[in-house]
Structure formats: C-alpha cells, structure tokens
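Notes for the one structure printed next.
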2 protein chains.
Amino acid sequence: MIRMNKLTDYGVVLLTTFAREPAHGISARELSARTGIPQPTVVKLLKTLLKAGLLVSQRGTKGGYALAKLPAEVPVSAVIEALEGPLAITECSVPGMCEHERRCVARPNWAAVNDVIHEALSKLTLAEMTRPAQAHPPRPAPLLPSIDSPPRSIAP
Amino acid sequence: MIRMNKLTDYGVVLLTTFAREPAHGISARELSARTGIPQPTVVKLLKTLLKAGLLVSQRGTKGGYALAKLPAEVPVSAVIEALEGPLAITECSVPGMCEHERRCVARPNWAAVNDVIHEALSKLTLAEMTRPAQAHPPRPAPLLPSIDSPPRSIAP
DNA sequence: AAATACAGTACTGACGTAGTCCTAATTGAA
DNA sequence: TTCAATTAGGACTACGTCAGTACTGTATTT
C-alpha cells in the first residue's frame, strides 16, 4: 500500500471541516468534538497547517482557526505537502536524495508517475472534498459491503 | 512524501534487471552483485515475488530466477501490489478497513485519486522501465544537479 | 484578574520496516 | 556418490518513524 500518514489523512479531514463553513473560526476543542480526532492530535496538526500558511489563527477566549484561503483555492496536494513534504512515491523526486540518481534507469519513469499523481491531487480542492463527489476524474468507486475495524478518514 | 517502501523500490529494480534479458535465469547472488542490494535482502524479495507469481525459480547448482511473463506484460502496479498489498493512498480502498467509511464524505474523492494512481502504474510496464524513457505520460522531470546521500532506486 | 485558547518544545511508547540468521530441500557436477 | 551451489521457509532483531502526550508560555476576551 502506497499510503499517506494517518495524520495527513486527519489533516485533510480537519481542513474539509473548515471548508464546509469557511466564514467561521473554529477552536481546536470544537474540531476535536466534531471529527472524533483526539484534541492533542488536532492541536498538533493545526500548528503545522498554520505554519504552512493554510490556516490563520486567533488567540484568546473567542479564538480559533480559519482557512487562509477559499476552499476552492486549496488543492489537496498542498495539504499533503504541508504535512509530509514533497509529494512523490519515490525519494528521487528530490534531487540529492539518492546517490544513484545520475545513473538510475528507473528515475525518469518514476518522475512520470510522480507527475501523474501530483496532477491528480492538485486538481482536487477542499471545496470538492466537501461534496459527496461523483463528477471529477475517472469512474466512481465500487461500493461494497463492509465490516467495522480501525479508524481512518473520519467523517467531519 | 507519499512513498513506496525501500523494499518495493528494490523489487522494481530487481525485476527491471530481469527484464533486460528475459531469456536468462539469474541467481540471487548475481542479482545482488549487479544491483548492489545486499544478498539477504535480494533473497527475501525474490521469495515474495515468486509467491506472487511474477517469477519462476529453478533450484540447484545452475539454478536461479526468471520472469514468469514477458516484461511488457508486467505492469509496475503488479510489482507494487505483490510487495505492499492493495495500491492506494488511503486504507479505505479496502472495504472494512475504516470504521467510518459509510459516513465519510472524503471517501469517494479518495477513491477517484486512487484510481488515477492505479491507472498510471498499470500502464507502466517492466519493458518500459528498461528504457531511458521519455515518451509516455506527462512532461519529463527537471534534471537538476545533485549531491550524494542515502541509497534508493539503485541502477541495475 | 481570570478563563479560554493558541504557541512552542520536548518526550515517550508502539509499530512497521529493513536487514540478518539459521536450517532444510533440491539440483548439477566432480 | 559425494559435494557444492542454490532456492525454500521460517524466526529473530535493531532501528527509525509515527502517533500521541505533557508541559510551559503567550495572547485575548470578559
């Protein structure tokens, strides 16, 4: 499984929560209550997203966080990059990360794959994440029956 | 960074090595020498790839491994799935992995992204990995200067 | 002044990855 | 027939990252 961190997944959920009512500020406490993500973890994520410029903050009693931009202006790729660094499936997308990059025959092919992934995630914005979604990229996912198990991608 | 395992990266390198001369069998020892990947690690990977049906094996003195199919018939996605399981950036691609999947508003969007990634990696075959590559998907990667550091994606 | 909420940093435990090691089983060649 | 090379199949371990926690400080509102 090529996967995102749990925290990155949480981060997208948090920002999607903001995107549903972009005008309001929301406190970490409130976000934790709405998403089910533990408050300390929410706090930690918000700090990172703040530093990345995706959020603005307000201290004090009536304080909280809010989106720094309109939901339609924030691609999911920006969220992932804020929380995980460069968006790619191989480290060689960052020059200097691999000692073999100069003679590696695989590298140009990985770069192409990385581009495809990056493009897909750049086109998807927070505004689109707030909708039940049906109509952007390819075909819809098959909706199979399910059993319950560990938490991931919590609904806001 | 959304990334593959180091081992998966190695796996692709190993299979690409086979793809360059599909007719021959190659021993684990030989593969280690050619790729620079430690022999125990090579052995471990080959076992997994064998079980997945990507390789065939021959025991004994003149033994070794060979591709089970033509390089053009093996998509990179199959290699990744053999070594990492289902190919997706979120766990919710596997029904039952997430307790919130039924009410998660993000899920259909993730599914769409997963599809894009899966498609890109399905189109890329081992045959194409053996070529210096220039002409499939999008634009070529920028070739910037580099400094040396940890090993990844070793050239066969 | 007190309560609320953000800011920043340091720490800890758990888990998965990467890598190693050991003991069969099989085959080809001397 | 014996030996050497090679795969088969595990169990095991060290390490690093991730996820989560704790603590202290600063700002703002009432």
Side-chain angles (χ1 to χ4, degrees), chain A residues 1-11 13-14 18 24-33 35-66 68 80 83-85 89-91 150-154, chain B residues 1-14 18 24-33 35-66 68 80 83-85 89 91 97 149-154:
Chain A
M1 179 104 62
I2 296 178
R3 67 178 179 283
M4 297 189 304
N5 291 340
K6 210 185 207 176
L7 288 177
T8 304
D9 197 348
Y10 288 168
V13 169
L14 290 175
F18 282 109
H24 300 60
I26 311 179
S27 70
R29 178 197 194 88
E30 171 82 18
L31 279 167
S32 172
T35 61
I37 302 169
Q39 185 171 338
T41 303
V42 169
V43 167
K44 190 180 188 178
L45 282 167
L46 291 175
K47 283 171 186 170
T48 304
L49 295 169
L50 178 73
K51 274 188 186 171
L54 294 173
L55 293 175
V56 292
S57 66
Q58 170 72 30
R59 290 190 179 185
T61 305
K62 282 281 191 175
Y65 295 85
I80 298 178
L83 294 170
E84 307 205 24
I89 61 171
T90 53
E91 293 187 1
R152 198 80 194 266
S153 253
I154 297 168
Chain B
M1 180 105 59
I2 295 177
R3 65 177 181 284
M4 297 189 303
N5 291 339
K6 211 186 210 178
L7 288 178
T8 304
D9 197 350
Y10 288 167
V12 174
V13 169
L14 290 175
F18 283 108
H24 300 61
I26 312 179
S27 71
R29 178 197 193 86
E30 172 81 18
L31 279 167
S32 172
T35 60
I37 302 169
Q39 185 170 342
T41 302
V42 170
V43 167
K44 189 180 190 179
L45 283 167
L46 291 175
K47 284 171 185 171
T48 303
L49 295 170
L50 178 74
K51 274 188 185 171
L54 294 173
L55 294 174
V56 291
S57 66
Q58 170 72 31
R59 287 190 180 185
T61 306
K62 281 283 191 172
Y65 296 85
I80 298 177
L83 294 170
E84 306 205 25
I89 61 171
E91 293 185 2
M97 284 299 287
S149 65
R152 200 77 194 269
S153 254
I154 298 168

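We name chains A, B, ... by the order of the sequence lines, and we start the count at 1 in each one.
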Of A:Pro40 and A:Gln58, the one whose nearest nucleotide on DNA chain D sits closer to the 5' end is A:Pro40

Is B:Lys6 near enough to C:dG19 that one of its side-chain N or O atoms lies under 4.0 angstrom from OP1 or OP2? yes

Regarding the side chain of A:Lys51, the nearest nucleotide among C:dG8, D:dG20, D:dT29 is C:dG8

Rounded to whole Å, CG of B:Leu49 lies from P of D:dA8 at a distance of 12 Å

Whichever of A:Lys47 and B:Gln39 has the more 5' nearest nucleotide on DNA chain D, that residue is B:Gln39

Under a 4.5 Å cut-off applied to non-hydrogen side-chain atoms, are B:Phe18 and B:Leu55 in contact?
yes

Problem - Minimum side-chain heavy-atom gap B:Leu31-B:Ile37 below 4.5 Å - result: no

Between CG of B:Leu31 and C1' of D:dA5 the distance, given in whole Å, is 15 Å

### Query
Has the side chain of B:Glu84 got a donor or acceptor atom that lies under 3.5 Å from a matching backbone atom of B:Met4?
no

note: A:Lys44, atom NZ; D:dT17, atom C1'; distance rounded to Å ~ 11 Å

Quick note, B:Lys62 side chain, CB onward, closest among C:dA18, D:dT28, C:dG28 is C:dG28

To the nearest angstrom, the CG-P distance between B:Leu55 and D:dT6 comes to 17 Å

Practice item. Decide yes or no for B:Leu14 and B:Leu45: does some side-chain heavy atom of the first lie under 4.5 Å from some side-chain heavy atom of the second? Key: yes

note: B:Leu45, atom CG; C:dT20, atom P; distance rounded to Å ~ 12 Å

query: C:dT17 phosphate, OP1 or OP2: any side-chain N/O from B:Tyr10 under 4.0 angstrom?
result: no

>> Check this one for me: any side-chain N or O of B:Ser57 less than 4.0 Å away from OP1 or OP2 of D:dA8?
In response: yes

Does the base of D:dT6 carry an N or O that pairs as donor and acceptor with the side chain of B:Arg59 under 3.5 Å?
no

From CD1 of B:Ile26 across to C1' of D:dT6 the rounded distance in Å is 15 Å

